[in-house]
Enquirer: 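The structure is given below, and queries will be raised subsequently.
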Amino acid sequence: MNKRMAAVLMLAGLGCGEGAAANKDTIVAYGRENNSGTYMYFKEHVLGNADFAADVMTLPGTAAVIQAVSQDRGSIGYGGIGYVKGVRPLKVKKDAAAPGIEPSLENVVNGTYPISRFLYFYTSGAPEGATKHFIDWTRSPAGQKVCSDVGYYPLPEKDRVGDPGPSPAGKATITMKGSDTMVILGQRWAEYYMRANPDITIQITGGGSGTGIAALINGATNICQASRPMKPKEKEQVKEKQGKDAVEFAVAMDGLAVFVHESSPLQEISLDQLKAIYTGKAKSWSGLAKP
């Protein structure tokens with residue numbers, strides 16, 4: 001049985017999830033697919049670019065990881081803070097000597113939470129017209145309020161922009177593709193923006209940061225949503241194919257939450273412990289090295 005099928009059966013109550021739940025000491029680790037910016041960020045910043053263990057259950061989207069962990073008492077997962085409902089986020093310790101830090105707004109914005117990150121829009125060349133107005137609006141007080149209202153973390157004050165004023169005259173369609181972590185936020189932004197600017201249509205699809213970046217490289221989207229920075233090679237590909245530089249806009253912040261089943265006694269975890277779990281060195285909760 002492959003990892004995807006096992007995870008699907010677990011979610012349906014038909015397979016390995018019941019056995020994993022029965023043995024609460026066995027660590028069942030859930031994560032994202034390798035096309036995800038969240039996967040890439042976790043691999044780089046938590047695993048130090050080491051490989052994930054073969055038995056980590058990979059699921060297509062943070063919502064699926066949340067659902068799996070909420071049904072499996074011996075499990076652990078990670079994902080964007082905006083999705084964390086029905087599970088319990090852990091405090092994260094930078095190292096054994098450091099205190100556990102909650103993924104709160106204050107701790108993410110001030111950088112004390114160890115796995116904080118920006119969320120990005122990318123465009124091919126400097127955006128113009130409705131696309132520029134929409135991006136400016138998301139980074140304005142009105143757009144950042146929407147960000148807060150739906151459970152994401154707004155930009156620090158110094159990174160925001162002022163009110164962009166009225167949108168350009170005429171009808172326009174803006175396409176956005178990419179990060180599944182950002183889909184909910186993008187949809188809410190689009191709803192509020194289109195309500196105030198009825199001549200503008202915004203179309204949003206997910207698929208992962210890698211999907212959005214590929215679409216930007218190929219000229220198939222106006223805006224790429226990414227939960228990780230674009231790599232230099234990817235930016236070079238945009239330049240080669242589109243003849244324009246990739247332009248980056250930080251639009252929100254995110255605490256990459258680490259979460260467990262609500263019944264778990266675990267309250268905090270260190271980055272070294274996370275690495276041990278997701279690289280396969282720690283297989284049981286009782287055997288997990290103390291921070």
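Everything numeric in this text was worked out from a predicted model, so none of it was measured.
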Enquirer: Met253 and Leu119: which non-hydrogen atoms are nearest, and at how many Å?
Expert: O-CD1, 4.3 Å
Enquirer: Extract all donor-acceptor atom pairs below 3.5 Å that involve side chains of residues 229-240 and protein atoms in other chains or at least two apart in sequence.
Expert:
| residue | atom | partner | partner atom | Å |
| --- | --- | --- | --- | --- |
| Glu234 | OE1 | Arg228 | NH1 | 3.1 |
| Glu234 | OE1 | Lys231 | N | 2.8 |
| Glu234 | OE2 | Arg228 | NH2 | 2.8 |

Enquirer: Looking at side-chain heavy atoms only, is the closest gap between Ile202 and Met176 below 4.5 Å?
Expert: yes
Enquirer: With sequence neighbours left out, write down each residue that passes ring pair (Phe, Tyr, Trp, His ring centres under 6.0 Å) with Tyr152, or none if nothing qualifies.
Expert: none
Enquirer: Listed by chain and number, what are the side-chain contact (heavy atoms from CB on, under 4.5 Å) partners of Ser36, not counting sequence neighbours?
Expert: Arg32, Thr38, Tyr39
Enquirer: I'd like to know if the side chain of Asp72 and the backbone of Ala68 have a donor-acceptor N/O pair within less than 3.5 Å.
Expert: no
Enquirer: Between Asp95 and Ala97 (side chain of the first, backbone of the second, donor and acceptor by atom type, cut-off under 3.5 Å), is there such a pair?
Expert: yes
Enquirer: Could you check whether any side-chain N or O of Asp25 sits under 3.5 Å from a backbone N or O of Ser286, counting only pairs where one atom can act as donor and the other as acceptor?
Expert: yes
Enquirer: So Ile135 and Pro164, do their side chains get closer than 4.5 Å, heavy atoms only?
Expert: no
Enquirer: Give a yes or no on whether the backbone of Tyr30 and the side-chain of Tyr78 come within a donor-acceptor separation of less than 3.5 Å.
Expert: no
Enquirer: Do Asp272 and Ser270 pair up side chain to side chain, a donor and an acceptor below 3.5 Å, judged on atom types alone?
Expert: no
Enquirer: List the atom of Glu262, the atom of Arg88, and the distance in Å for their closest heavy-atom pair.
Expert: O-NE, 3.9 Å
Enquirer: Could you pull out all residues at least two apart from Arg188 that satisfy salt bridge (charged side-chain N to carboxylate O under 4.0 Å, His left out)?
Expert: Glu191
Enquirer: Looking at Thr175 and Gln203, would you say the former's side chain and the latter's main chain have a donor-acceptor pair under 3.5 Å?
Expert: no
Enquirer: Are any of the side-chain heavy atoms of Ile204 and Trp189 separated by less than 4.5 Å?
Expert: no
Enquirer: Just jot down the salt bridge (charged side-chain N to carboxylate O under 4.0 Å, His left out) partners of Asp163, sequence neighbours excluded, or say none.
Expert: none
Enquirer: Asn197: which residues meet the side-chain contact (heavy atoms from CB on, under 4.5 Å) condition with it, sequence neighbours left out?
Expert: His133, Ser167, Tyr193, Ile200
Enquirer: Run the ring pair (Phe, Tyr, Trp, His ring centres under 6.0 Å) test against Tyr120 and tell me which residues pass, sequence neighbours left out.
Expert: Tyr122
Enquirer: Counting C-beta onward and ignoring hydrogens, is there a side-chain heavy-atom pair between Ile101 and Lys91 closer than 4.5 Å?
Expert: no
Enquirer: Using side-chain contact (heavy atoms from CB on, under 4.5 Å) as the criterion, list what pairs up with Pro103, not counting sequence neighbours.
Expert: Ile81, Pro89, Tyr113
Enquirer: With sequence neighbours left out, what residues match Glu157 under salt bridge (charged side-chain N to carboxylate O under 4.0 Å, His left out)?
Expert: Arg160
Enquirer: With sequence neighbours excluded, what pairs up with Lys94 under the salt bridge (charged side-chain N to carboxylate O under 4.0 Å, His left out) test?
Expert: none
Enquirer: Is it the case that over 12 heavy atoms from other parts of the model lie below 6.0 angstrom from the NZ atom of Lys43?
Expert: yes
Enquirer: For the side chain of Gln144 and the backbone of Val251, is there at least one donor-acceptor N/O pair under 3.5 Å apart?
Expert: yes
Enquirer: Which residues pass the ring pair (Phe, Tyr, Trp, His ring centres under 6.0 Å) test with Phe249, not counting sequence neighbours?
Expert: none
Enquirer: Got a sec, which residues hit side-chain contact (heavy atoms from CB on, under 4.5 Å) with Asp199, two or more places apart in sequence or on another chain?
Expert: Lys171
